[in-house]
Amino acid sequence: MRKFFSRTIIICLPFAVLLIGDLLIGFLYEYVSPEWGKRHLEMLLSPSEKSITQTTINPYLAYSNTPHFTYQGIKQHNANGYRNSYDTFKKKSGDEYRILCVGGSTTYGQGVAAPINAWPEILHNKLNENKPKKLSGKKIVVMNGGLCWGSSAELLTHYLFKHLNYKIDLVIVHTGGNDTGPLSLNNFSMDYSHWRNIEASGTSTLRPFEKGLIEHSNSLKLFYSIWFNQFGYQSQNLAISTKMWNQSPIKEISRNLRTNPVSAYENNLNNLFTVIKKSKAIPIFFQFYGPSYDRLKEFNRTAYSKTINLLGDNLPLIGDALAKGKQRLRKVAKDICDSNKIEFWEIESNEIPERLFVDQCHLNREGQAFKARFAYTKIIEFLDL
């Protein structure tokens, strides 16, 4: 009898360890799984959201926000693909003043669950509650044209082929972070094709047995989220593939951030500002903001850990080089604004407490409100001069 129990324990012990391990991974899944891989997997596992992905491949825009996209039961995009809880139509009423915010995920408001909590929509509400004197008789509409992972290249093409049609009055260009991606890689190309391209992928569907296994195994969920993360933005077997920092040697990345030309960023911004002005809108530049990785590690370990999970283990090793790359891009933007008399906004270093960040640059609800207050004060000062 004793031998029977001993053998039973020996046989069952590995299964018990695997079960306990899988349960622990289930608790960790929300914190350690890559953001885009997790979103991709969840859309495939959820029949209600399977048919619509966050972004759609587009022949001229590369990729764009999908109209009516819903995530975890919350509608994220309006009918025209802007991250607003209200619709904006191409036909503009005579008493309407339109402000467009363009940029990457820090404009989109990644870090908060709903459009109403992202800073462009908070700004919309604040401006309508207490209007600038110059716009006292106007209905102010703030459009959130943020595009996750959007660089200056997408900002330019999206304005030319999309935003231009909406008769914008003022454009807030909030960028300067994502362009460090192409700046960091070898074989630099002015159109950023060395950093990003469109490729076919067979990961848009799961075979029935795969879906069943994933739904019953936290370990497999984590594995698939890591695997799917490399495919980026997914739609109908096409994906935008973006190279990350952990895919190249550290020495090469650091060298490239210091030596690769910033002329592509300069050309994109110059052309964007020219098109904005020709469309009779006022351009304003709002410099990208994020805390140093050292301060994030010291004051917000949760956000720092998520940053490493999202962007790779190499990130701390290239932190100084990335900071220098961002400073190079900032100088380009500042010089362009100075020479063209364009308003230049910048949040001072360490002004936003690190506790308001959910990762390396994205803000929680309190942080989004902070950024909205900053933009609101600046707009009031600018328009009521």
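One is the number of the first residue; the rest follow in order along the sequence.
- Between atom CG of residue Leu383 and atom CD1 of residue Ile284 there is a gap of 7.0 Å, rounded to the nearest 0.5 Å.
- Using a 4.0 Å cut-off between charged nitrogen and carboxylate oxygen, Arg355 and Glu366 count as a salt-bridge pair.
- Remark: the backbone N or O of Arg83 is not paired with any side-chain donor or acceptor of Asn65 at under 3.5 angstrom.
- For the residue pair Ser151/Glu154, the side-chain donor-acceptor check at 3.5 Å is satisfied.
- A donor-acceptor contact closer than 3.5 angstrom links the side chains of Glu252 and Asn186.
- For Lys92, the salt bridge (Lys or Arg N to Asp or Glu O under 4.0 Å) criterion is met by Asp169, not counting sequence neighbours.
- Between the side chain of Asn80 and the main chain of Thr88, a donor-acceptor pair closer than 3.5 Å is present.
- Aromatic ring centres of His174 and Tyr108: separated by at least 6.0 Å.
- Phe288 is not connected to Leu257 by any chain of hydrophobic side-chain contacts under 4.5 Å among Ile, Leu, Val, Met, Phe, Trp and Tyr, and they are in different clusters.
- In terms of modelled atom types and a separation under 3.5 Å, the side chain of Asn178 and the main chain of Gly150 share a donor-acceptor contact.
- Rounding to the nearest 0.5 Å gives a distance of 13.5 Å between CZ of Arg98 and CD1 of Ile140.
- Val112 and Phe357 sit in two unconnected hydrophobic clusters of ILVMFWY residues. Membership requires side-chain heavy atoms under 4.5 Å apart, directly or through other members.
- When side chains are defined from C-beta on, Thr56 does not count as touching Phe69, because their heavy atoms never get closer than 4.5 Å.
- Listed for the Asn128 side chain is a donor-acceptor partner under 3.5 Å among the backbone atoms of His124.
- Between Tyr192 and Ala264, the shortest heavy-atom contact is CE2-CB, 3.7 Å.
- A donor-acceptor pair under 3.5 Å is formed between the side chain of Thr307 and the backbone N or O of Gln360.
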Pair Gln76-Thr70, side-chain contact (heavy atoms from CB on, under 4.5 Å): steps then yes or no: CA-CA 5 Å; Gln76 302 294 331; Thr70 298; over 6 Å; no
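- The same ILVMFWY cluster, assembled from side-chain heavy atoms under 4.5 Å apart, contains both Leu269 and Met190.
- A heavy-atom distance below 4.5 Å is found between the side chains of Thr302 and Asn300.
- Between Phe285 and Phe273, the shortest heavy-atom distance links the atoms CD1-CZ, 3.9 Å.
- Checking side-chain atoms of Asn340 against main-chain N and O of Ile342 turns up no donor-acceptor pair under 3.5 Å.
- Both cation-pi conditions hold for Lys162 and Tyr82: the charged atom is under 6.0 angstrom from the six-membered ring centre and inside a 45 degree cone around its axis.
- Considering CG of Leu322 and OG of Ser254, their distance stands at 8.0 Å, rounded to 0.5 Å.
- Taking the six-membered ring for Trp, Tyr289 and Phe370 have ring centres at least 6.0 Å apart.
- Contact annotation: the side chain of Arg365 approaches that of Asn117 to within less than 4.5 Å [non-hydrogen atoms, C-beta and beyond].
- Nearest heavy-atom pair across Pro120 and Cys101 is CB-SG, 4.0 Å.
- When each of Val171, Ile168, Ile282, Leu127 is tested with Ile99 by the rule side-chain contact (heavy atoms from CB on, under 4.5 Å), just one qualifies, namely Leu127.
- Looking at heavy atoms from C-beta onward, Lys131 lies out of side-chain contact with Tyr97 at the 4.5 angstrom threshold.
- Side chain of Glu121 to main chain of Ser85: a donor-acceptor pair is present (N/O by atom type, distance under 3.5 Å, no hydrogens or angles).
- The ring of Phe286 has its center closer than 6.0 angstrom to the ring center of Trp119.
- Put simply, the side chain of His194 gets close to the backbone of Ser189: a donor and an acceptor are under 3.5 Å apart.
- For Lys277, the NZ atom sits in a packed shell: over 12 heavy atoms of surrounding residues, nucleotides or ligands are nearer than 6.0 Å.
- Pairing each heavy atom of Asn268 with each of Leu156, the nearest pair is OD1-CD2, 4.0 Å.
- When the shell of 6.0 Å around CD1 of Ile347 is examined, it contains more than 12 heavy atoms from other residues, nucleotides or ligands.
- In this structure, CG on Asp359 lies 10.5 Å from CG on Asn309, to the nearest 0.5 angstrom.
- When all heavy atoms of His68 and Lys75 are compared, the closest pair comes out as ND1-NZ, 3.1 Å.
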Candidate pair Thr106 and Lys371, rule side-chain contact (heavy atoms from CB on, under 4.5 Å), full reasoning: CA-CA 10 Å; Thr106 55; Lys371 189 177 280 189; 3.9 Å; yes
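- Lys167 places none of its side-chain heavy atoms less than 4.5 Å from the side chain of Lys280.
- Note that Lys126 lies in the cation-pi zone of Tyr376, set by a 6.0 Å cut-off to the ring centre and a 45° limit from the axis.
- A donor and an acceptor atom, one from each side chain of Ser64 and His158, are nowhere located under 3.5 Å apart.
- Counting non-hydrogen atoms of neighbouring residues, nucleotides and ligands closer than 6.0 angstrom, the CG atom of Asp338 exceeds 12 such neighbours.
- Thr66 places a side-chain N or O within 3.5 Å of a backbone atom of Thr53 that can act as its donor or acceptor partner.
- Sorted by first then second residue, the side-chain hydrogen bond (donor to acceptor under 3.5 Å, both in side chains) pairs that include residues 317-333, not counting sequence neighbours, are Arg330-Glu346, Lys331-Asp335.
- Cluster annotation: Phe344 and Ile276 are assigned to the same hydrophobic cluster (Ile/Leu/Val/Met/Phe/Trp/Tyr, side-chain heavy-atom contacts under 4.5 Å, transitive).
- The shortest heavy-atom contact between Leu363 and Val358 is C-CG1, 4.3 Å.
- The line from OH of Tyr159 to CG of Leu164 is 6.0 Å long, rounded to the nearest 0.5 Å.
- Taking CG from Leu147 and CD from Gln54, the interatomic distance works out to 8.5 Å, rounded to the nearest 0.5 Å.
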Derivation and outcome, side-chain hydrogen bond (donor to acceptor under 3.5 Å, both in side chains), residues Ser292 and Asp294: CA-CA 5 Å; Ser292 70; Asp294 288 340; 5.5 Å; no
Test log, rule side-chain contact (heavy atoms from CB on, under 4.5 Å), inputs Val141 and Tyr166: CA-CA 11 Å; Val141 176; Tyr166 286 83; over 6 Å; no
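- Of the possible polar contacts, none joining the Asn260 side chain to the Ser184 backbone as a donor-acceptor pair under 3.5 Å is found.
- Criterion: ILVMFWY side-chain heavy atoms under 4.5 Å apart, direct or through other members. Under it, Phe161 and Phe89 are not part of a common hydrophobic cluster.
- Side-chain contact between Thr377 and Glu381 is present, with heavy atoms from C-beta onward closer than 4.5 Å.
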Candidate pair Trp195 and Leu183, rule side-chain contact (heavy atoms from CB on, under 4.5 Å), full reasoning: CA-CA 9 Å; Trp195 176 58; Leu183 195 67; over 6 Å; no
